[in-house]
Amino acid sequence: MAEPIEIMDPLIPAERIQTRVRELAQEITRDYEATHRPLSVVVVLKGACFFAIDLLRYLDVSTRLDFLQASSYHGMASTGEVRLHSDIHMPIAGTDVLLVEDIVDTGLTAAWLRRHLASHEPASVRLCSLLDKPAHREIPVEIDYVGFAIPDEFVLGYGLDYEEEYRNLPAIYVARPATRVPTT
Ligand code: IMP
Ligand code: MG
């Protein structure tokens, strides 16, 4: 059973997320509209789904879409190892790839996925992450597009989960272990 948590006030309200997602989409559109290659958007399941779908709606370049699933994280602490649970099926050789993540924490997942995608010989690989939590970075990762840098807190909502729950919250909240109330 998951440890009980306490959910604090929203760290990033839903409207601010949407405004920032639109700004990122405009920036990405500007960067890719002059290329004559398709943009392959590769979304990391499951956390980045909500962000990626909103982002795609605002992008004004022609895109191709695929998903992969990887994890390096269990509960509130990273395990340090990356496992690829499912890979992309779409060929990406010769295309520009935009890897879409929910959050970069230690950097292990993003760094590993960047290398993995680069091995398919795309024309380029860039990383777009909704959140950047630099406090526990273990390896340097270049994040080309960042939604918000956040403090060293565990967050959930807008795709991010705690033990698979809370992904559907429209805003992003800080979660802390619940303070135990003595029962006797
Ligand atoms: P990294 O490999 O340590 O950078 O971890 C990246 C993955 O850890 C993300 O894709 C998330 O699934 C998960 N993660 C890291 N921090 C948080 C958090 O604060 N809330 C929820 N998931 C997190
Ligand atoms: Mg996750």
Side-chain angles (χ1 to χ4, degrees), residues 1-14 16-18 20-21 24 28 40-56 65-88 97-119 125-179:
M1 257 273 288
E3 289 296 313
I5 52 166
E6 202 174 329
I7 298 177
M8 321 309 279
D9 290 336
L11 179 70
I12 314 172
R16 256 187 85 202
I17 298 176
Q18 291 304 318
R20 186 71 190 120
V21 173
L24 286 174
I28 295 166
S40 302
V41 177
V42 175
V43 182
V44 186
L45 293 171
K46 303 169 198 171
C49 252
F50 291 67
F51 169 47
I53 299 305
D54 283 345
L55 187 75
L56 278 159
L65 176 63
D66 208 349
F67 300 88
L68 49 73
Q69 189 167 14
S71 68
S72 74
Y73 219 77
H74 295 280
M76 283 196 180
S78 176
T79 58
E81 62 181 87
V82 177
R83 262 175 294 163
L84 187 66
H85 303 291
S86 70
D87 204 349
I88 51 169
V97 172
L98 184 68
L99 175 63
V100 182
E101 256 289 21
D102 51 358
I103 184 166
V104 177
D105 182 19
T106 62
L108 289 166
T109 311
W112 193 93
L113 288 175
R114 253 183 181 281
R115 274 200 310 277
H116 172 64
L117 294 173
S119 73
V125 182
R126 282 187 184 167
L127 172 63
C128 174
S129 183
L130 175 68
L131 303 176
D132 177 14
K133 186 160 69 170
H136 298 294
R137 196 60 45 81
E138 284 176 27
I139 38 173
V141 200
E142 194 182 334
I143 315 176
D144 303 276
Y145 306 97
V146 180
F148 303 94
I150 62 162
D152 183 16
E153 296 278 6
F154 188 84
V155 292
L156 46 79
Y158 195 62
L160 292 129
D161 70 306
Y162 173 60
E163 303 287 358
E164 296 302 331
E165 284 188 66
Y166 308 104
R167 292 190 197 275
N168 59 315
L169 297 177
I172 292 172
Y173 297 83
V174 168
R176 304 223 175 105
T179 39

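Side-chain atoms are counted along with the backbone in the values below, which use heavy atoms only and exclude waters and symmetry mates. Just so you know, ligand 1 is whichever comes first in the structure, and atom 1 is the first atom listed for that ligand.
- Ligand 1 does not have Gly47 within reach: every non-hydrogen atom of the residue lies 4.0 Å or more from it.
- Ligand 1 lies out of reach of Leu156, whose nearest heavy atom is not under 4.0 Å from it.
- With a heavy-atom cut-off of 4.0 Å, Glu101 touches ligand 1 through its side chain alone.
- Proximity to Lys133 (heavy-atom distance under 4.0 Å) selects the following atoms of ligand 1: 16 (N), 17 (C), 18 (C), 19 (O).
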field: Ile88/Leu117 under side chain to side chain contact (heavy atoms under 4.5 Å, CB included): CA gap, chis, key distance, verdict
entry: CA-CA 9 Å; Ile88 51 169; Leu117 294 173; 4.0 Å; yes

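- When the options Leu45, Ile103, Ile139 are ranked by their closest heavy atom to atom 11 (C) of ligand 1, first place goes to Ile103.
- Residue Val155 places at least one N or O, backbone or side chain, under 3.5 Å from an N or O of ligand 1.
- Looking at Glu138 against ligand 1, nothing comes within 4.0 Å, counting heavy atoms.
- Asp161 counts as a contact of ligand 1, since one of its heavy atoms falls under 4.0 Å from the ligand.
- Here the shortest heavy-atom pairing between Ala48 and Glu101 reads CB-C, 3.6 Å.
- Between atom CZ of residue Arg126 and atom CD1 of residue Ile143 there is a gap of 14.0 Å, rounded to the nearest 0.5 Å.
- Distance check: Ile53 CD1 to Leu56 CG gives 5.5 Å after rounding to the nearest 0.5 Å.
- Residue contacts with ligand 1, taken as heavy atom pairs separated by less than 4.0 Å, involve Leu160 solely via side-chain atoms from C-beta onward.
- With 3.5 Å as the limit, one finds a donor-acceptor pair spanning the side chains of Asp54 and Tyr158.
- Salt bridge status for Lys133 with Glu153: absent, with no side-chain N to carboxylate O gap under 4.0 Å.
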task: Report the C-alpha separation of Thr106 and Ile139 in whole Å, then their side-chain angles, then the decisive distance to 0.1 Å, and conclude whether the side chain to side chain contact (heavy atoms under 4.5 Å, CB included) test is met.
output: CA-CA 7 Å; Thr106 62; Ile139 38 173; over 6 Å; no

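- Here the shortest heavy-atom distance to atom 12 (O) of ligand 1, taken over Asp102, Ile172, Val174, Thr109, belongs to Asp102.
- Scanning both residues, Pro10 and Ala171, for their nearest heavy atoms gives CB-CB, 4.3 Å.
- Using a non-hydrogen distance threshold of 4.0 Å, Glu153 registers as a contact of ligand 1.
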